[in-house]
2 protein chains.
Amino acid sequence: MTVPTRTTVKDTNRARLIRQLRRHGPMARVALARRTRLSAGAVSAITGELIDEGILCELAAPAPAPAEGAAGPRGRPPVELGLNPDHARVAAVSIRMNLIEGVVADFSGRAIARHAVVCQTRSLDAAGVIERCAQAIDGALERAPGPGPRAIGLAAQGMVDPGTGRQLWSPVLRTGSMDLAAPVAARFGVPVLVENDAAATSLAVVRDQPDLQRGLVAVLMLGHGVGMGLLRDGGAFPGSRGFSSEIGHVRRLPGGAQCRCGQRGCIEAYLADYALYRDGRSLADLPHTDSQQPTEDHMVELARRAEAGEPGLLALYQEAGVALADAISIVGSVLAPRRIVVTGSGLRAFRLMEPTFRSALARAFAPGLVPERDVLFVPGGAERITAGMAHLALEAVDAGLAERPDRQVFSAAG
Amino acid sequence: MTVPTRTTVKDTNRARLIRQLRRHGPMARVALARRTRLSAGAVSAITGELIDEGILCELAAPAPAPAEGAAGPRGRPPVELGLNPDHARVAAVSIRMNLIEGVVADFSGRAIARHAVVCQTRSLDAAGVIERCAQAIDGALERAPGPGPRAIGLAAQGMVDPGTGRQLWSPVLRTGSMDLAAPVAARFGVPVLVENDAAATSLAVVRDQPDLQRGLVAVLMLGHGVGMGLLRDGGAFPGSRGFSSEIGHVRRLPGGAQCRCGQRGCIEAYLADYALYRDGRSLADLPHTDSQQPTEDHMVELARRAEAGEPGLLALYQEAGVALADAISIVGSVLAPRRIVVTGSGLRAFRLMEPTFRSALARAFAPGLVPERDVLFVPGGAERITAGMAHLALEAVDAGLAERPDRQVFSAAG
DNA sequence: GATATTAGTTCACCATACAAATAAATCGGC
DNA sequence: GCCGATTTATTTGTATGGTGAACTAATATC
């Protein structure tokens with residue numbers, strides 16, 4: 001009479017186990033049971049299924065830490081379970097100034113191939129952007145023969161709308177608003193996610209840091225611009241605009257420095273690479289940048305000359321330090337995150353900003369500001385963008401896996 | 001062999017149904033089934049249990065809207081289910097300048113008794129504050145004979161730490177940091193929750209507005225100070241400091257007006273009642289305020305004279321309008337909520353702020369700012385504080401109810 | 001080897017969600 | 001006033017799937 005009943009209970013528990021492993025890395029069945037509050041029997045049953053389906057796999061026992069002579073753990077040693085790298089792949093793309101980079105990642109999130117497309121991004125029209133993204137993905141796929149991606153994540157600088165998959169504005173493009181997700185999805189036939197690059201980075205930054213996977217965490221990313229990602233319990237914490245925040249365009253000084261967004265006095269206009277270099281060129285004889293953004297070499301040169309005492313340049317970094325303190329103070333006041341992480345290539349010259357940053361942060365100890373010990377600096381490069389975006393794409397794949405294979409047939413029929 | 005199995009599944013679904021009714025008000029079983037995605041049978045079974053336990057009750061059929069002659073809905077009419085008002089009670093307290101107000105609310109959230117304790121709050125020591133809170137609760141309980149409260153919510157102005165139940169700083173007290181929750185909990189023998197008054201208010205503001213119960217919503221409360229509550233899907237959206245936000249102490253103008261928090265240039269220092277009145281007295285011959293905060297009468301007089309054209313006073317409101325636009329712009333940039341609601345007694349003179357507010361908001365259309373149509377103005381008084389706090393206390397009671405009565409014995413034994 | 005300890009599996013039980021059938025309550029039409 | 005039609009609610013049969021407990025497995029200590 002009744003067709004196979006479909007309940008949501010097991011799907012939910014499958015999803016919980018997969019997410020646990022996705023966010024916190026490999027762990028043994030006991031650990032899964034403890035952390036998901038499922039019984040050992042249920043974990044055994046579900047993980048057995050997931051292993052049969054090739055979603056999970058047992059990992060070689062971890063090094064039993066024989067360093068200490070005594071005190072080996074007694075009892076049957078646990079066997080770590082991890083996401084099976086071979087189960088599925090995703091692709092991630094980072095759109096940056098004059099560089100569109102594609103990555104293919106395995107199911108565990110490890111990047112297995114990379115392909116960079118160098119091009120004048122500000123000269124491209126919308127079709128050109130899509131074309132270069134596809135090239136970046138195809139190039140990476142060619143270097144990693146095997147199955148195609150099951151989902152694709154696109155990370156773009158500037159404002160994006162993850163809900164519609166559109167780029168609204170980007171400093172590296174001249175297209176204005178354009179659809180990113182739909183054309184790429186049509187081309188590869190898989191779901192496409194679009195996010196801001198700072199948001200994507202934030203996911204990668206907290207990846208292997210358990211302390212940052214609890215509570216509300218804000219990740220401020222300094223680079224060509226100033227972006228921020230908001231995370232809760234290690235996962236995206238979406239507002240209406242994905243989980244990125246335009247903290248860079250909060251005004252810190254009415255009528256202040258010109259920002260490329262059109263306003264004056266934005267935090268970004270004092271703290272971002274483009275602003276530091278622009279102002280530096282007003283003060284010193286620095287190399288011309290043909291795109292509107294300085295390269296890493298330009299920025300290193302600027303910092304070197306500021307450190308060498310070239311007149312006025314140090315003051316730029318000192319002001320940037322205060323702007324960074326302002327940004328942290330605002331985030332602390334508005335949101336009170338458990339931790340505020342600062343990362344990105346903009347930290348390269350942090351030593352020049354640090355004195356003014358520290359004193360401004362101490363002065364700005366307004367009610368609600370998180371104390372200085374809650375501000376962390378995490379170095380790291382642009383590879384975090386694709387790593388985070390791959391993670392996001394993988395979570396989308398996971399969501400589909402929670403529904404068991406036999407179900408998908410039903411849901412397609414019903 | 002096996003003792004009665006305990007699963008979490010039904011508890012979860014009980015909690016979902018209760019929360020649905022708590023947040024969205026009475027509805028029929030079909031509506032519950034649709035919105036929780038449970039089957040009609042499951043809803044029937046669970047609601048039956050909950051009715052037997054006295055947690056829910058069937059409500060009289062709603063007015064069948066006979067206004068239109070034709071088009072009565074066909075079919076068996078739905079019977080609305082609601083939270084049984086008699087099931088339990090909670091108390092809520094609002095600590096304001098020179099007024100500590102206690103309310104007793106029934107299980108549906110309706111206030112059934114109120115008692116205000118008038119006192120010089122800034123003259124009280126910690127014990128005195130606790131004593132007055134207890135008086136406020138006892139007074140309300142006396143006027144509503146019946147069972148005692150199952151939980152108590154305390155709403156305080158200024159900074160509170162909901163995690164520890166402490167007041168950290170308040171403009172209406174001189175105690176500095178003090179423990180609010182523990183002494184009150186000890187006195188009444190029930191759990192006590194502490195929150196900021198703006199956060200509490202925000203819960204009440206969105207209560208009967210379905211549009212505000214979806215996605216991320218920020219509720220800005222203008223009054224003696226400037227506070228904000230953050231909600232997601234109609235419920236609290238906690239950061240590290242409850243779900244309140246110290247947006248009032250974000251600096252909008254370096255070296256600007258003195259704020260009572262010790263900094264200069266805070267938004268609050270231009271927009272809060274205390275700031276408007278303080279500055280007004282510098283410009284015009286206004287009545288003295290003996291506590292450091294103006295009363296409603298003082299504020300009405302100030303607005304009246306500004307409107308009458310007394311020199312300089314209108315400019316204060318014009319500046320406040322810009323400060324309000326700044327606050328909204330910052331919240332929009334950092335968080336991009338679906339809606340930003342402005343409420344509180346500070347709206348009494350909004351007509352004086354409106355022109356500058358509108359133009360400043362239009363100018364501040366930075367990337368990521370929510371458009372003007374997403375900003376709503378909701379009038380309403382201080383009774384929202386206790387209403388919201390009662391709601392929060394009731395959600396705490398609900399959490400206990402999700403575990404069925406027979407379970408509690410087990411959990412106590414185990 | 002005996003014992004202890006921890007990890008993982010198996011299995012009987014039964015709670016519980018689902019689907020479908022049934023009952024209940026109302027309306028519109030004749 | 002009775003008959004479908006329509007919508008809401010309850011009942012019932014069934015399969016799912018989690019729990020607890022017993023059992024097996026693998027290692028360390030003595």
Side-chain angles (χ1 to χ4, degrees), chain A residues 1-17 27-34 36-52 56 58-59 61-62 64-66 68-81 404 406-407 410-411 414, chain B residues 1-14 16-17 27-34 36-52 56 58-59 61-62 64-66 68-81 403-404 406-407 410-411 414:
Chain A
M1 188 65 68
T2 47
V3 289
T5 308
R6 62 179 291 255
T7 64
T8 63
V9 177
K10 196 170 197 175
D11 286 359
T12 304
N13 289 334
R14 281 169 65 103
R16 281 165 71 187
L17 291 182
M27 65 185 76
R29 291 175 179 82
V30 257
L32 281 172
R34 200 170 343 111
T36 60
R37 297 173 172 280
L38 283 170
S39 67
V43 171
S44 216
I46 297 174
T47 55
E49 258 182 53
L50 291 171
I51 290 171
D52 288 346
L56 303 187
E58 298 194 339
L59 272 51
E68 306 291 321
R74 281 170 302 188
R76 174 177 172 172
V79 24
E80 305 268 297
L81 293 178
R404 283 154 295 168
D406 56 312
R407 290 292 173 66
F410 271 94
S411 71
Chain B
M1 187 64 69
T2 48
V3 288
T5 309
R6 63 179 289 257
T7 65
T8 64
V9 177
K10 196 172 196 176
D11 285 358
T12 305
N13 289 336
R14 282 170 63 103
R16 280 166 71 187
L17 292 182
M27 65 184 76
R29 291 173 179 83
V30 257
L32 281 172
R34 201 173 339 112
T36 60
R37 299 175 169 279
L38 283 170
S39 67
V43 170
S44 217
I46 296 173
T47 55
E49 258 182 53
L50 291 171
I51 289 171
D52 288 347
L56 303 187
E58 299 194 338
L59 271 51
E68 306 290 323
R74 279 171 302 188
R76 173 175 172 172
V79 22
E80 303 269 297
L81 253 34
E403 300 157 21
R404 284 154 294 168
D406 57 310
R407 288 294 171 65
F410 271 94
S411 72

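Residue numbers start from 1 in every chain, and the chains themselves are labelled A, B, ... in the order their sequence lines are given, proteins ahead of strands. Bear in mind the structure is a predicted one, so any value in this text is a computation, not a measurement.
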Participant: Would you mind reading off the distance between A:Asp52 atom CG and C:dT9 atom P, rounded to a whole angstrom?
Facilitator: 11 Å
Participant: Report the residues that fulfil salt bridge (charged side-chain N to carboxylate O under 4.0 Å, His left out) with B:Arg29, sequence neighbours left out, ordered by chain and then residue number.
Facilitator: B:Glu58
Participant: Is the phosphate of D:dG18, meaning OP1 or OP2, less than 4.0 Å from a side-chain N or O of A:Asn13?
Facilitator: yes
Participant: Using nucleotides 5-7 of chain C, report all nitrogen or oxygen pairs with the protein that are shorter than 3.5 Å.
Facilitator:
| from | atom 1 | to | atom 2 | distance (Å) |
| --- | --- | --- | --- | --- |
| C:dT5 | O2 | A:Gly75 | N | 3.4 |
| C:dT6 | O2 | A:Arg76 | N | 2.8 |
| C:dA7 | O4' | A:Arg76 | O | 3.2 |
| C:dA7 | N3 | A:Arg76 | NH1 | 3.2 |

Participant: Expressed as a whole number of angstroms, how long is the span from B:Ile46:CD1 to D:dA9:P?
Facilitator: 15 Å
Participant: Sequence neighbours excluded, which residues qualify as side-chain contact (heavy atoms from CB on, under 4.5 Å) partners of A:Ala40?
Facilitator: none
Participant: I need the minimum non-hydrogen distance between B:Val79 and B:Leu59, along with the two atoms involved.
Facilitator: CG2-O, 4.3 Å
Participant: Could you work out how much the helix from C:dG1-D:dC30 to C:dC30-D:dG1 bends, comparing the axis of its first five pairs with that of its last five, to 10°?
Facilitator: 10°
Participant: Whole angstroms only, please: what is the CE-C1' distance between B:Met27 and D:dT7?
Facilitator: 18 Å
Participant: Do A:Thr36 and A:Asn13 come close enough that some side-chain heavy atom pair is under 4.5 Å?
Facilitator: no
Participant: Measuring from B:Arg14:CZ to B:Glu49:CD, what's the distance to the nearest 0.5 Å?
Facilitator: 5.5 Å
Participant: For the CG atom of A:Leu50 and the CG atom of A:Leu81, what is their distance to the nearest 0.5 Å?
Facilitator: 9.5 Å
Participant: What is the distance from CG of A:Leu17 to C1' of D:dG17, rounded to the nearest Å?
Facilitator: 14 Å
Participant: So which one's nearest nucleotide on DNA chain C is more toward 5', A:Thr47 or B:Leu38?
Facilitator: A:Thr47
Participant: Please state how far atom CG in A:Leu50 lies from atom P in D:dG17, giving the value in whole angstrom units.
Facilitator: 13 Å
Participant: Can you tell me how far apart CD1 (A:Ile46) and CG (A:Leu32) are? Round to the nearest 0.5 Å.
Facilitator: 10.0 Å
Participant: Go through the structure and list residues passing side-chain contact (heavy atoms from CB on, under 4.5 Å) with B:Ala33, not counting sequence neighbours.
Facilitator: B:Val43
Participant: Can you tell me how far apart OG1 (B:Thr47) and CG (B:Asp52) are? Round to the nearest 0.5 Å.
Facilitator: 9.5 Å
Participant: Whole-Å distance between D:dG18 C1' and A:Leu32 CG?
Facilitator: 16 Å
Participant: Please report, rounded to the nearest Å, how far the C1' atom of D:dG17 is from the NZ atom of B:Lys10.
Facilitator: 16 Å
Participant: Rounded to whole angstrom units, what separation is found between the CZ atom of A:Arg16 and the C1' atom of D:dG18?
Facilitator: 11 Å
